[in-house]
Amino acid sequence: MSEEQIKNLEAQFNARIERDEKIEPKDWMPEKYRKTHIRQMSQHAHSEIVGMLPEGNWITRAPSLRRKVALLAKVQDEAGHGLYLYSATETLGISREEMYEQLHTGKAKYSSIFNYPTLTWADMGAIGWLVDGAAIINQVPLCNTSYGPYARAMIRVCKEESFHQRQGFEIMMKLAKGTPEQKDLAQDALNRWWWPSLMMLGPKDEESIHTEQSMKWKLKRKSNDDLRQQFIDQTVPQADLIGLTIPDPELKWNKERGSYDFGPINWDEFWQVVKGYGPCNKERIKARVGAWEEGEWVRDAAMAYADKQANKNLNKAV
Amino acid sequence: MKNNLYNYILGIADNSLILGQRLGQLCGHGPSLETDIACTNISLDLFGQVRSYFQYAAKIAGDQRTEDDIAMLRKERDYKNVLLVEQPNTNFAFTIGRQFLFDVYHLAFLTELQNSNDFTLSVIAKKCVKEVSYHLRFSSDWVKRLGNGTPVSKEKMQEAINGLWTYTDELFYQTNADKEMVFEGIGVDVTKLKNNYYSHINNILLEATLEIPESKWFQTGGKEGIHSEHLGYLLSDLQYMQRTYPNMEW
Amino acid sequence: MKKSWPLWEVFVRSKNGLEHRHFGSLHAADAEMALENARDVYTRRNEGVSIWVVESKNITASNPSNNGELFEPAQDKVYRHPTFYKLPDEIKHM
């Protein structure tokens, strides 16, 4: 194909997206579109399954049966979300094995927030409230993204996600209104998870390299800084409502902007964690690699059995 | 009679509680995402059953105790689950083996419990039968896949069945409370389930090209509160929050 | 070369009377596993009364580059749509 032809196709392609048409798996797409989507979607999927680990940590120790089943269901949903997203990414021409390999070798990233440890039960509340809260802010706009399979996966995810945040906030609310010890637990968890949650919305706009292209393809609707501001503005009143204090001495309502001013984020910490030096990076990857490698004989057995059954049926037919 | 009924319910529910707890440990560590979701589903079913049973038991007890008190605040010797369900998640073959050996019993037991003179128990059983039919389907399919998959999987599956076999007989043991409940038409006479149990298991094992272990000596004690060393550690996780932060609501 | 679990497409009928709709895909070693996995992954919230699973390789898809010849001719056959036909307002039930 000549450069001229490709330019034409690209122009038509971009026009389709501007008309709010969806791109489906077999449609022609610029190589950059394919690669960018593979990267974003697979990293989204990796985040879901790595995200199972910090919360899965507290399943056996949930303080009540009701909390236990809710947490089990939430973590299970995350596995499901990973699955929807991996499946959607596979439509772009990459296999599940390749994606796992990228995750396990560090070639692909996942949301850095999951490299923090869950130290107390209250962390379950903080994660549901803050981390899922931030995730929802990112995810709702994606329900309308240009790539069909991604949009459909996100619609499913968002439907299920709303229970996650409510569950988390309910946990925090109960703690904050409980005994002094419980309130301490809640405040302590908020102290530890607040800043990482802000960082979860990504680096500052000036350090974010992919934004413009992503906006055109509806992979991104708002900039990182805008999303961060939205998150803060919606969350601070929630904390006020349950009597918890956001751990930011510079947090202040700005009447002119109609938004909260907030203190400086420790970007060194962010980049340190992203580069692999957070508190739990090694453990998270070890767990995922372990599960995959220890499971190899199981997956092989299932294939061998399936082949045997298929041959048996073939022989019967003959 | 009230005491016997209460203890009888705990005897049923504790199996689901401990097995559910074991499966909960696996979340995020399964051999594939799909099996992870499946095992978690089973765990959720089991905890759902536990909640139904314990809420009923709490009602029978008639004091302030809640489902959580019953689940999380008993002493080691007061748990009545069979030894089979507290065995550890050694590997996926052990997880499946434990599940399978329990599911065959569990389905047969619940099928009978539907006829209980106790209305609540019969209703719970009717609901659970559907769930447990699915559990058995899942675990049987995997026994066959692993038994008749690769040489490696066959070896592991055989090892698991051999290792867990010694815990099967206890399923048909009756405590005094059990006998009392059978007499009242409330409980299931599990001794009557034994023959079908082993013949069903044998059929699946043969289909899975596995050997049926030689039954020499069987372990018992769980139903009387004499457990393996595993249970203590399992309980310290299960009970941690309730013991460390007593008398609080979550 | 090691074989990995093939990809299956999942179709679910959410209620009797409705058609099966494509819900997504998953990996399974055989059809039985695919059904069980589909049940676990896609129907946890009471979303289904019937599941179909099809190995992805068995799906034949139309080629979008042929969309012109496949689908455009239908666009101008408006006489296939009820709104093409103008009837007096007095006629009911039609």
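A quick note: this is a predicted structure, and the numbers were derived from the prediction, not measured.
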If you tally heavy-atom pairs under 4.5 Å against chain B, which of [options] wins?
{"options": "A:L53, A:I59, A:L72, A:L175", "value": "A:L72"}
{"options": "A:D77, A:L65, A:N57, A:V50", "value": "A:L65"}
{"options": "A:I171, A:T179, A:L83", "value": "A:L83"}
{"options": "A:R61, A:E170, A:M52", "value": "A:R61"}

In terms of heavy-atom pairs under 4.5 Å with chain A, which of [options] leads?
{"options": "B:N91, B:N247, B:N41", "answer": "B:N41"}
{"options": "B:I37, B:D141, B:L17", "answer": "B:I37"}
{"options": "B:K156, B:Q239, B:Q242", "answer": "B:K156"}
{"options": "B:T244, B:L234, B:L238", "answer": "B:L238"}
{"options": "B:G30, B:C27, B:S236, B:P31", "answer": "B:P31"}

For [X] and [Y], which I'm curious about, is there any donor-acceptor pair between the side chains at under 3.5 Å?
{"X": "A:D123", "Y": "A:T118", "result": "no"}
{"X": "A:Y86", "Y": "A:H46", "result": "yes"}
{"X": "A:W129", "Y": "A:Q238", "result": "yes"}
{"X": "A:E294", "Y": "B:H29", "result": "no"}
{"X": "A:H44", "Y": "A:Y110", "result": "no"}
{"X": "B:N15", "Y": "B:H106", "result": "no"}
{"X": "B:E207", "Y": "B:N203", "result": "no"}
{"X": "A:Y84", "Y": "A:R156", "result": "yes"}
{"X": "A:K68", "Y": "B:Q21", "result": "yes"}

request  = Flag the pair B:W142 / B:M157 as yes when at least one side-chain heavy-atom distance between them is below 4.5 Å, and no otherwise.
outcome  = no

request  = Run the numbers on A:K74 and A:E78 for salt bridge (Lys or Arg N to Asp or Glu O under 4.0 Å), then give the verdict.
outcome  = CA-CA 6 Å; A:K74 177 177 198 278; A:E78 274 144 29; 3.1 Å; yes

Minimum heavy-atom distance [X]-[Y], with the two atoms named:
{"X": "A:S197", "Y": "A:L130", "value": "OG-CB, 3.4 Å"}
{"X": "B:G28", "Y": "B:D36", "value": "N-OD1, 2.8 Å"}
{"X": "B:L110", "Y": "B:C128", "value": "CD1-CB, 3.6 Å"}

Who in [range] is close to chain A, using a strict under-4.5 Å heavy-atom cut-off?
{"range": "residues 53-69 of chain B", "result": "B:F54, B:E67, B:D68"}
{"range": "residues 43-52 of chain B", "result": "B:S43, B:L44, B:F47, B:V50, B:R51"}
{"range": "residues 71-90 of chain B", "result": "B:A71, B:M72"}

message = Check whether B:W250 forms a cation-pi arrangement with A:K174 (NZ or CZ under 6.0 Å from the six-membered ring centre, at most 45° off the ring normal).
response = no

task = Determine whether more than 12 heavy atoms belonging to other residues, nucleotides or ligands lie under 6.0 Å from atom CZ of A:R166.
result = no

ask   = Quick one: does A:S42's side chain have a donor or acceptor within less than 3.5 Å of a partner on A:R39's backbone?
value = yes

inquiry  = If I measure from the heavy atoms of chain B, does A:I49 come under 4.5 Å with its side chain, its backbone, both, or neither?
reply    = side chain

Would you be so kind as to tabulate the donor-acceptor pairs closer than 3.5 Å made by side chains of residues 145-152 of chain B, with sequence neighbours excluded?
from	atom 1	to	atom 2	distance (Å)
B:N148	OD1	A:K308	NZ	2.9
B:T150	OG1	B:S153	N	3.1
B:T150	OG1	B:S153	OG	3.4

